[in-house]
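Both ligands and their constituent atoms are indexed starting at 1 by order of listing.
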Amino acid sequence: EGGGRGLLTQESKDLLASLPRDKGWILGHLHQYQGFWFPSTQLQGVLACKRRFQAHHNDLLLVTTPKSGTTWLKALAFAIVNRVRYTNYTTQHPLLTTNPHELVPFLDREYIGINDHQSPDLTRFVSPVDCRLFSTHVPYVLLPESVKESTSKCKLVYLCRNPKDTLISLWKFANKLRQQIDNTLEPNSLEEVFESFCRGVSLFGPIWDHVLGYWKESLERPERVYFLKYEEIKKEPKINLKRLAEFLGYPFSMEEESEGVVEEIIRLCSFKNLSNLEVNKTGKLPLGPENNFFFRRGEVGDYVNYLTPEMIKRLDQITSEKYQGFRLKF
Ligand code: A3P
């Protein structure tokens, strides 16, 4: 899915050929590995990263289900950990001229096309306070070994979103990518992707298993995994930003709070502000989507404009069955 088969090693090709596959949402296929669905090139990056990445004790990893607000979380976390270097949030901040995905990369994608004798150059992501901020969509079972080790000090922030809004956001995004790659391709119908989503066949899906992997870990090791919902940040941005900064190890001082730094970061990273910046209206990621694909409506509950009452009922039922007994509600 998304092309790039030329980057695959022979070993990856052999592995892919042995895995169950299903129709991709963008192009080509998704492949099922350890219960989750991946595009071919991304799976290769995920597996190489799992084997090779060496975590540092002060690394911070933002983990999200696709379309749950990754762009927003990247912006917020980048602004928080870089406060030493960037204190002007209105005229000079890197987020005003660079898309958050360029400032905080997807770690596993740095390993695509890298063989076992090479290492990606990750030095460019070191912040002034010596922490490295990365992101990923990988399910808990496929995190790098060095991150999962019990002695690892690296912290994880996990963000998810209600499955109905996630589905609509992913459907719209995948259709934009299809168009970008080949404008003669028909958009996927909602009916078709709905069925796939319910079966768990979506980018890094099933969404419920993805969420549960991190939810369980956040209950067992709350000092290591901080669990967040898109809807919660929307509802109470200030409280959530302060808690996030504390968890990351960069709490706001009393002085910063009284100077309104928390509010300034919230405003800088808001949907309205980021989506209206020139870079996010007209820019494009290297080898990737146009920046504006990451900004659509940015609201809670947009699914009511697309899903039928039957679809809503079915998705709600799957969600409540999957999360039964886990004290997890959306
Ligand atoms: P919608 O499609 O519902 O509008 P991701 O960043 O994980 O790809 O998720 C994209 C979703 O987050 C899109 O949702 C997008 O509009 C929304 N989004 C992007 N930036 C945001 C921001 N700064 N604040 C809130 N939502 C944002």
Side-chain angles (χ1 to χ4, degrees), residues 2 25-26 39 42 61-80 89 93-96 98-109 134-139 157-177 180 187-188 190 193 197 202-205 207 210-211 214 228-238 240-241 244 263-277 279-281 283-285 288-307 315 330:
W25 290 40
I26 302 165
Q42 289 201 28
L61 192 55
L62 310 176
V63 191
T64 60
T65 45
K67 302 296 124 197
S68 62
T70 317
T71 317
W72 192 17
L73 181 63
K74 284 185 178 189
L76 292 170
F78 180 88
I80 290 173
Y89 301 99
H93 203 279
L95 281 163
L96 296 168
T98 317
N99 180 272
H101 293 284
E102 285 200 61
L103 297 169
V104 184
F106 284 106
L107 179 60
D108 45 288
R109 291 192 199 165
F134 297 117
S135 86
T136 185
H137 290 314
V138 300
V157 176
Y158 184 72
L159 175 67
C160 57
R161 186 180 191 186
N162 84 69
K164 292 168 287 189
D165 281 337
T166 308
L167 161 64
I168 297 302
S169 190
L170 188 57
W171 170 53
K172 294 276 181 185
F173 182 74
N175 277 345
K176 282 181 198 158
L177 277 176
Q180 186 193 29
N188 296 321
L190 179 56
V193 299
F197 192 83
S202 63
L203 213 55
F204 298 88
I207 187 173
H210 198 286
V211 171
Y214 287 94
L228 271 171
K229 293 177 188 162
Y230 180 91
E231 295 78 13
E232 283 172 355
I233 315 180
K234 270 270 172 195
K235 197 168 159 208
E236 295 184 302
K238 195 169 169 188
N240 279 294
L241 192 69
L244 175 63
E263 285 83 358
E264 282 201 73
I265 293 180
I266 291 171
R267 203 201 65 82
L268 168 67
C269 301
S270 68
F271 178 84
K272 191 166 165 228
N273 191 50
L274 290 185
S275 63
N276 279 307
L277 296 170
V279 61
N280 292 327
K281 285 202 281 198
K284 184 181 171 308
L285 293 176
E290 291 175 30
N291 291 345
N292 65 39
F293 289 5
F294 294 101
F295 304 94
R296 196 182 60 89
R297 290 203 58 187
E299 279 169 19
V300 174
D302 189 39
Y303 69 86
V304 296
N305 298 312
Y306 299 96
L307 298 176
L315 256 184
F330 282 89

Problem set entry | Candidate with minimal heavy-atom separation from atom 1 (P) of ligand 1, of Ser275, Cys269, Ser270, Ser169 |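 Selected option, by shortest heavy-atom distance: Ser169.
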For [atom], what is the nearest protein heavy atom, given as residue, atom name and distance?
{"atom": "atom 15 (C) of ligand 1", "answer": "Phe294 O, 3.3 Å"}
{"atom": "atom 5 (P) of ligand 1", "answer": "Thr70 N, 3.4 Å"}
{"atom": "atom 16 (O) of ligand 1", "answer": "Arg296 N, 2.9 Å"}
{"atom": "atom 6 (O) of ligand 1", "answer": "Thr71 OG1, 2.5 Å"}
{"atom": "atom 12 (O) of ligand 1", "answer": "Gly69 CA, 3.9 Å"}
{"atom": "atom 22 (C) of ligand 1", "answer": "Trp72 CG, 3.4 Å"}
{"atom": "atom 27 (C) of ligand 1", "answer": "Phe271 CD1, 3.7 Å"}

Problem set entry | Spacing of Leu159 atom CG and Lys74 atom NZ [to the nearest 0.5 Å] |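 So the gap between those two atoms works out to 12.0 Å.
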Exercise. Measuring from the heavy atoms of Tyr230, does anything fall under 4.0 Å of ligand 1?
Worked result: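 It does; at least one heavy atom falls under 4.0 Å.
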For this session: Tell me, please: is Lys67 in heavy-atom contact with ligand 1, that is, under 4.0 Å?
Result: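 Yes, that is the case, since the closest heavy atom of the residue is under 4.0 Å from the ligand.
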Exercise. For the rings on Trp25 and Phe173, is their centre-to-centre separation under 6.0 Å?
Worked result: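 Ring centres of Phe173 and Trp25 not closer than 6.0 Å.
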Exercise. Is it true that Trp171 and Phe197 have ring centroids separated by less than 6.0 Å?
Worked result: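 No: the rings miss the under 6.0 Å criterion.
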For this session: Return the orientation label for the Tyr158 and Tyr214 ring planes: parallel under 30°, perpendicular over 60°, tilted otherwise.
Result: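 Rings of Tyr158 and Tyr214: parallel, as their planes differ by under 30°.
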Exercise. Mind checking whether Phe295 has an N or O less than 3.5 Å away from an N or O of ligand 1?
Worked result: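 So ligand 1 has no N or O lying under 3.5 Å from an N or O of Phe295.
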For this session: Consider every N or O of Lys234 and every N or O of ligand 1, then say whether any pair is closer than 3.5 Å.
Result: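 No: no nitrogen or oxygen of Lys234 is under 3.5 Å from one in ligand 1.
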Problem set entry | Lys235 atom NZ: more than 12 heavy-atom contacts under 6.0 Å |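 Result for NZ/Lys235: open.
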Exercise. Would you say the side-chain atoms of Glu231 pair up with the backbone N or O of Asn162, donor to acceptor, closer than 3.5 Å?
Worked result: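 Looks like yes, one N/O pair under 3.5 Å.
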Exercise. Backbone N or O of Asn280 within a donor-acceptor pair of the Asn99 side chain at under 3.5 Å?
Worked result: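 Judged by distance alone, no pair lies under 3.5 Å.
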For this session: For His137 and Thr65, test the side chains for any donor-to-acceptor distance below 3.5 angstrom and give the result as yes or no.
Result: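 Result is no, nothing qualifies.
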For this session: Could you tell me which atoms of ligand 1, counted from 1 in the order shown, lie closer than 4.0 angstrom to a heavy atom of Ser68?
Result: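 Once the distances to Ser68 are compared, the set is 7 (O), 9 (O).
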For this session: Find all atoms of ligand 1 within a distance of less than 4.0 Å from any non-hydrogen atom belonging to Gly298, and give their numbers and elements.
Result: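 Reading through ligand 1 atom by atom, the close ones are 1 (P), 4 (O), 16 (O), 26 (N).
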Exercise. Tell me, do Phe294 and Leu274 make a side-chain contact under 4.5 Å, heavy atoms counted?
Worked result: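 SC-SC contact between Phe294 and Leu274 ruled out.
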For this session: In plain terms, say whether Arg297 and Glu299 are close enough for a salt bridge, that is, a side-chain N and a carboxylate O under 4.0 Å apart.
Result: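 The answer is yes: the pair qualifies as a salt bridge.
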Exercise. Applying a 4.0 Å heavy-atom criterion (strictly less than), which segment of Arg161 is in contact with ligand 1: side chain, backbone, both, or neither?
Worked result: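 The part of Arg161 near ligand 1 is the side chain, not the backbone.
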